[in-house]
Amino acid sequence: MPFTVATWNINSVRLRMPIVERLLKEHAPDVLCLQETKVPDELFPEKAFRKAGYEHILFHGQKGYHGVATVARRPIELVEKRRFCEIDDSRHLSVRVQAGGKSVLVHNFYVPAGGDEPDPEINRKFRHKLDFVQEMNGVPASADESSASILVGDLNIAPQEHDVWSHKQLLNVVSHTPVETTNFEAMRKAGGWVDLMRLNVPAEQKLYTWWSYRAKDWEASNRGRRLDHVWSSANLLPDFTGYEILQAARGWQKPSDHVPVMAKFDLD
DNA sequence: ATGGTCGGCCCCCGA
């Protein structure tokens, strides 16, 4: 049995419970990291997760905005709910889980979207996004012979040319501007993180995890972006056996604009 | 074609 970790920005966990249950039933990840839960902790739908076999539930939520949660079929231990940029947004949660004799630290992130104007001088949300990514330098891929790290989430940046439907047309669009993509890749590499979704995929192959709600037909226009990511420490590479972007979920009833990404490891 | 659609929630903000 492989060890699987999935990430999904579900844009309101309460509204999206039916399709979250579908994911759990059809794909049964060992650990599921959710972003944009948009629910305060006291109203988190724990019962539905327990009923689906996910009895281990940790959340870091707030009213109305943001919010992350990590649920699992096996025990998870809370490590940290980190605060970034000295702002009390719920954007991070890390947990420890045992898999294949290793202790695995799983970070769940929701990076700020950054607003519309890609100029930190006039757009405080873009400034916040840049500062947040800078501060992620303080989250390295810690690892030794008995421990490893995984970092997943909606990181709201599509770093590579073929992580967007049109590199040229998105160069000045928040999520794909050079200042974002350059700093993002520098932070990832400095932290010792491996981009698992690109590891065995040619650079010229398009990869998307998000399709706008605003398209008339998201599938026909296919103007996607790879905003959701799965990273790991280098010592997990021998155990990494592949991943799947569950694109079909974009067409499920009342979908999120993001789809789940699920990575598999030969650990149990 | 410089629009368009969502979700939460207090009549607008963030994505």
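A note on names: the letters A, B, ... follow the listed sequences, proteins ahead of strands, and every chain is numbered from 1. In this text the structure is predicted, and so the values were computed from the model without any measurement.
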P-based separation of B:dG4 from B:dC10 [nearest Å]: 26 Å
Of the options B:dC9, B:dG14, B:dA15, whose atoms approach the side-chain atoms of A:Arg14 most closely? B:dC9
Ignoring the backbone of A:Lys63, work out which of B:dA15, B:dC10, B:dG7 is nearest its side chain. B:dC10
Phosphate contact (B:dC6 OP1 or OP2) by A:Lys254 side-chain N/O below 4.0 Å: no
A:Lys216 or A:Gly115, whichever maps to the more 5' nucleotide of DNA chain B: A:Lys216
Using ring centroids (six-membered ring only for Trp), state whether A:His92 and A:His107 fall under 6.0 Å. yes
Side-chain contact check for A:Lys38: nearest option of B:dA15, B:dC10, B:dG7 is B:dG7
Could A:Arg223 and A:Trp218 be counted as a cation-pi pair, given that NZ or CZ must be under 6.0 Å from the ring centre and within 45° of the axis? no
Gap in Å between the two C1' atoms, one belonging to B:dG8 and one to B:dG3, rounded: 24 Å
SB check A:Glu180 A:Lys129 (cutoff 4.0 Å): yes
In whole Å, measure the gap between the P atoms of B:dG7 and B:dA1 for me. 31 Å
What integer number of Å spans the C1' atoms of B:dC9 and B:dG14? 12 Å
Between A:Leu15 and A:Asn9, the residue closer to the 5' end of DNA chain B by nearest nucleotide is A:Leu15
Phosphate OP1/OP2 of B:dG7: any A:Arg16 side-chain N/O under 4.0 Å: yes
A:Lys125 side chain, from C-beta outward: closest of B:dC10, B:dG7, B:dA15: B:dA15
May I ask you to say what A:Arg250 touches in the nucleic acid, namely base, sugar-phosphate or nothing, with a heavy-atom cut-off under 4.0 Å? nothing
Does B:dG4 have OP1 or OP2 sitting under 4.0 Å from an N or O in the side chain of A:Arg223? no
Before accepting this row, confirm whether a basic side-chain N of the pair A:Asp89/A:Arg83 lies closer than 4.0 Å to the acidic partner's carboxylate O. no
